[in-house]
Each structure stands twice: as structure tokens, then as C-alpha cells.
Amino acid sequence: MDVQLNTLYIVTRGATVRRDHLTLQVVVEQQARLTVPIHQLESVAAFGGVHVTPGAMGLCAESGVAVNFLTESGRLVARVDAPSSGNVLLRREQFRRADDPGARGSVARCLIAGKLHNCRNLLLRAGRESGDAADQGTLSGAAGHLAGAIPNLEADTDADTVRGREGDAARVYFAAFGAMVRVGRGEFTPNGRTRRPPLDRMNALLSFLYALLTHDCTAACAAAGLDPSVGFLHVDRPGRPGLALDLMEEFRPLLADRLALALVNRQQVKASGFEFREGGAVSMDEATRKAVLTAYQQRKREEVTHPYLDQKVPLGRLPFLQARVFARHLRGDLPSYLPCVLKN
């Protein structure tokens with residue numbers, strides 16, 4: 001259990017979250033382990049076999065605190081939230097734009113351009129830090145491929161073409177990903193990108209971090225008055241937070257990929273902390289999940305200079321700021337969506 005940046009994470013199997021006046025109390029084996037005033041929270045994330053009582057959910061709903069139920073690997077299963085107070089006019093405009101192929105293509109192009117810039121910067125940074133000439137060549141080649149793909153996006157007018165270019169760039173990026181692993185390369189080099197289920201340790205680590213990022217981007221969309229379900233790059237699918245997945249594209253290299261590499265290279269995550277299941281699925285044990293959650297929250301507290309606001313902000317606030325930038329684009333204040341690209 002941990003409370004940082006206003007999110008209560010509960011990963012202990014069998015834990016119960018219950019209401020105690022205006023606080024949430026976490027009970028494990030009939031022992032109260034943690035009590036948190038509700039006004040200090042923005043959301044609750046319950047992993048695996050965690051029970052949240054109706055009284056606790058009611059308190060959260062009254063206080064505008066979202067409760068997210070996730071699998072042990074971090075996949076979002078359900079979300080309980082208070083009735084939306086977002087701007088209906090903004091949501092109508094979001095739906096209209098999402099139904100417009102031209103508007104959808106324009107937004108998708110900007111989102112993927114931001115993602116490729118941030119992926120390229122991560123590759124270049126890893127190349128500078130590497131002392132191996134072969135790795136430097138691999139990373140430089142992949143960075144060059146992404147640099148070449150970015151101008152091509154300008155000619156794309158539909159989201160399908162953008163998805164194709166993103167898929168091609170992702171294959172090159174993950175083919176070079178292993179060159180950024182400096183410790184335990186035999187255990188942590190990914191075999192491409194695999195999910196549902198992840199088939200190696202690095203993919204298990206990345207999937208968990210992406211799930212945390214999805215949770216944050218969903219909250220960011222809702223906070224900006226947007227509908228997290230209606231995306232532009234990601235097509236509509238029941239239960240899928242399409243706009244949140246759109247928004248997180250530019251943050252994958254910043255908040256997930258770089259952190260996964262740091263955890264492995266600093267040996268904060270060990271190969272022994274992963275479990276192999278029948279069918280080839282790989283998952284993290286409870287101690288490793290706790291270590292990753294702690295590192296994720298620490299990463300979110302790191303300050304960076306926002307490229308447009310030109311002021312220091314915690315990394316964890318970037319999805320919320322970008323959701324507002326997207327809302328401004330929908331309102332007509334900005335001619336196009338401006339992705340967040342950070343310098344390395």
C-alpha cells in the first residue's frame with residue numbers, strides 16, 4: 001500500500017478497503033494497516049483480489065474520487081466514478097470531430113509525431129550513455145529511421161495511414177530496445193512487443209507501466225471534461241478508453257519505457273521477480289509490483305520544463321496539462337493539437 005500524488009494503490013491480495021467516517025481504511029487479515037482522509041485522494045487503484053466495500057465506494061463517489069479495479073498485471077477491469085460534470089458542449093464537439101475522417105487523421109498525425117519524437121530522443125540518449133560501439137550503431141540507426149518517418153506523417157490525411165506508419169516505427173523501435181538494456185540483457189531483452197499476455201520479462205514490465213499510464217490518462221481526460229472512451233487514433237471498442245490511449249502515446253517513452261530501462265539497468269527489478277505461467281505468460285510477483293509502483297510515483301514527481309508553458313511541472317501532471325491542450329484544440333483556441341515533446 002502506498003499513497004503518493006493522491007493515488008492510493010492497493011496490491012495486497014485479500015485486502016479490504018472500507019469507510020471509517022471521512023477516511024478510507026485498508027484492512028489486511030483483520031488488522032487496519034492504513035487510514036487515509038478522503039480529501040487527500042484523487043483516485044484509488046485496487047489490484048487483483050482486493051475488496052472495496054459499498055460504503056467505501058459511496059464515500060469515493062461523494063468526494064469525486066474514482067475507484068479503479070485492475071488485474072494483478074495492471075489491466076483495467078472496471079472503474080467506478082461520480083457522475084460526470086464535464087462540459088456537454090465540449091463532449092459534443094469531441095464526438096463530432098471523432099466522426100470526421102479529416103479531423104481524426106489530423107489529431108492522429110500529431111499524436112504519433114509526438115510519440116516518435118520522444119522515442120527518438122530516448123534512443124539517442126541511450127546511445128550517448130552506451131559505451132558499446134555496436135549498441136550505439138543499433139540505436140543511432142533506429143533513431144534515424146524514426147527521424148525519417150516523422151516528416152512523412154505531414155502528408156497523411158487519414159488515421160489508417162498514420163496507424164500504419166506508427167506500426168512500422170514501433171517494430172524498428174522495439175527491435176532496437178534490447179540495445180538500451182545494459183544489465184541482465186539475456187533476461188530482459190524483449191522479443192518485439194507482446195501483450196495479452198506478455199511473453200517475456202520486459203514486456204510484462206512495460207505492460208504493467210502502460211496500464212498505470214492508461215489509468216492516469218483516463219483520469220486526465222475526465223478532469224478536462226472530455227470523454228475518455230471516444231478516441232481519434234484508437235477506434236471505438238466497448239470498454240476501451242480510446243481517447244486515454246490516444247493521449248498516452250506521447251508519454252509511453254517518457255513515463256514507461258525510460259522507467260522500465262532504469263529499473264532493469266539499476267537492478268531495482270530482478271529476473272527472479274517474474275513468474276512464468278502455463279501458455280508462456282509472464283507476470284511480476286507482488287514484491288516486484290510494489291517496487292515498480294514506488295518507482296513510478298517517484299518518476300511522476302520529477303520536474304521537467306513544459307515545452308509550451310515554459311515552467312517547471314511534475315512529470316505526473318503532464319497528461320492533465322495535455323488533456324487541457326486537447327480540449328483547447330476542440331474549442332478552436334488552437335489550430336492543431338500540440339503534443340508534448342521533451343528534450344533529453
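None of these values were measured; they are calculated from a predicted model. Residues: numbered from 1 along the sequence shown.
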Which atoms form the tightest heavy-atom contact between [X] and [Y], and what is the distance?
X: S229; Y: D236; value: O-OD1, 4.0 Å
X: F174; Y: L206; value: CE2-CD1, 3.8 Å
X: A103; Y: F232; value: O-CD2, 4.2 Å
X: L90; Y: A224; value: CD2-O, 3.5 Å
X: A204; Y: V282; value: CB-O, 3.5 Å
X: L209; Y: A256; value: CD1-O, 3.4 Å

Report the distance from atom [atom1] of [X] to atom [atom2] of [Y], rounding to the nearest 0.5 Å.
X: Q322; Y: L247; atom1: CD; atom2: CG; value: 7.0 Å
X: R120; Y: L122; atom1: CZ; atom2: CG; value: 12.0 Å
X: L22; Y: S63; atom1: CG; atom2: OG; value: 7.5 Å
X: T218; Y: L243; atom1: OG1; atom2: CG; value: 9.0 Å
X: M202; Y: L263; atom1: CE; atom2: CG; value: 9.0 Å
X: I38; Y: L59; atom1: CD1; atom2: CG; value: 4.0 Å

Please check if the side chain of [X] supplies one atom and the backbone of [Y] the other of a donor-acceptor pair under 3.5 Å.
X: Q25; Y: L34; answer: no
X: R328; Y: L334; answer: no
X: D227; Y: R91; answer: no
X: D246; Y: L233; answer: yes
X: R128; Y: Q136; answer: no
X: D285; Y: F274; answer: no
X: D200; Y: A281; answer: no
X: T12; Y: A15; answer: no

R18, CZ atom: more than 12 neighbouring heavy atoms under 6.0 Å: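 At most 12 heavy atoms, drawn from other residues, nucleotides or ligands, come within 6.0 Å of this atom.
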E302, CD atom: more than 12 neighbouring heavy atoms under 6.0 Å: yes
Test ring pair (Phe, Tyr, Trp, His ring centres under 6.0 Å) applied to H306 - qualifying residues, sequence neighbours left out: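 Partners of H306 under the ring pair (Phe, Tyr, Trp, His ring centres under 6.0 Å) test: Y308.
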Taking the side chain as everything from C-beta on, heavy atoms only, tell me whether [X] gets closer than 4.5 Å to [Y].
X: L255; Y: K300; value: yes
X: V44; Y: V52; value: no
X: V17; Y: T53; value: no
X: V292; Y: T288; value: yes
X: L24; Y: C60; value: yes
X: L321; Y: V313; value: yes
X: S283; Y: E275; value: yes
X: R289; Y: Y9; value: no

Does [X] pair with [Y] as a salt bridge, N-O distance under 4.0 Å?
X: D160; Y: R163; value: yes
X: R185; Y: D135; value: yes
X: D99; Y: R104; value: no

By salt bridge (Lys or Arg N to Asp or Glu O under 4.0 Å) - contacts of R96 (at least two apart): E93
Partner residues of E62 under the salt bridge (Lys or Arg N to Asp or Glu O under 4.0 Å) criterion, sequence neighbours left out: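 E62 satisfies salt bridge (Lys or Arg N to Asp or Glu O under 4.0 Å) with R19 only.
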If you group Ile, Leu, Val, Met, Phe, Trp and Tyr by side-chain heavy-atom gaps below 4.5 Å, do [X] and [Y] land in one group?
X: L8; Y: F69; result: yes
X: V235; Y: V230; result: no
X: V50; Y: V80; result: yes
X: F251; Y: V341; result: no
X: L226; Y: F320; result: no

F177-F188 aromatic ring centre distance below 6.0 Å: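 No.
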Check against ring pair (Phe, Tyr, Trp, His ring centres under 6.0 Å), F47 and F208: CA-CA 11 Å; F47 292 82; F208 188 71; 5.6 Å; yes
Derivation of the side chain to side chain contact (heavy atoms under 4.5 Å, CB included) call for N152 and R165: CA-CA 9 Å; N152 293 333; R165 291 198 193 280; 3.6 Å; yes
Selection residues 259-272 - residue pairs positive for side chain to side chain donor-acceptor pair (under 3.5 Å), sequence neighbours left out: none
Polar side chain donor-acceptor pair, D257 to Y210, under 3.5 angstrom: yes
Worked check of side chain to side chain contact (heavy atoms under 4.5 Å, CB included) between N68 and S43: CA-CA 8 Å; N68 297 280; S43 66; 4.2 Å; yes
Step-by-step salt bridge (Lys or Arg N to Asp or Glu O under 4.0 Å) determination, D100 to R97: CA-CA 5 Å; D100 180 340; R97 299 279 188 98; over 6 Å; no
Residues T305, L342; criterion side chain to side chain contact (heavy atoms under 4.5 Å, CB included); working and verdict: CA-CA 8 Å; T305 301; L342 297 184; over 6 Å; no
Show me the donor-acceptor pairs, under 3.5 Å and distance only, between side chains in residues 105-117 and residues at least two apart or in other chains.
from : atom 1 : to   : atom 2 : distance (Å)
R109 : NH1    : D156 : O      : 2.4
K115 : NZ     : E166 : OE2    : 2.5
K115 : NZ     : E249 : OE1    : 2.9

Side chain to side chain contact (heavy atoms under 4.5 Å, CB included) evaluation trace for V264 with L205: CA-CA 10 Å; V264 171; L205 180 54; 4.0 Å; yes
Any residue meeting side-chain hydrogen bond (donor to acceptor under 3.5 Å, both in side chains) with D20, in chain and number order, not counting sequence neighbours: none
Criterion side-chain hydrogen bond (donor to acceptor under 3.5 Å, both in side chains) on S130 and R182, from CA distance to verdict: CA-CA 8 Å; S130 174; R182 297 196 300 271; over 6 Å; no
Parallel, tilted or perpendicular, as decided by the 30° and 60° cut-offs, for the rings of F326 and Y337: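 Y337 vs F326 ring planes: perpendicular.
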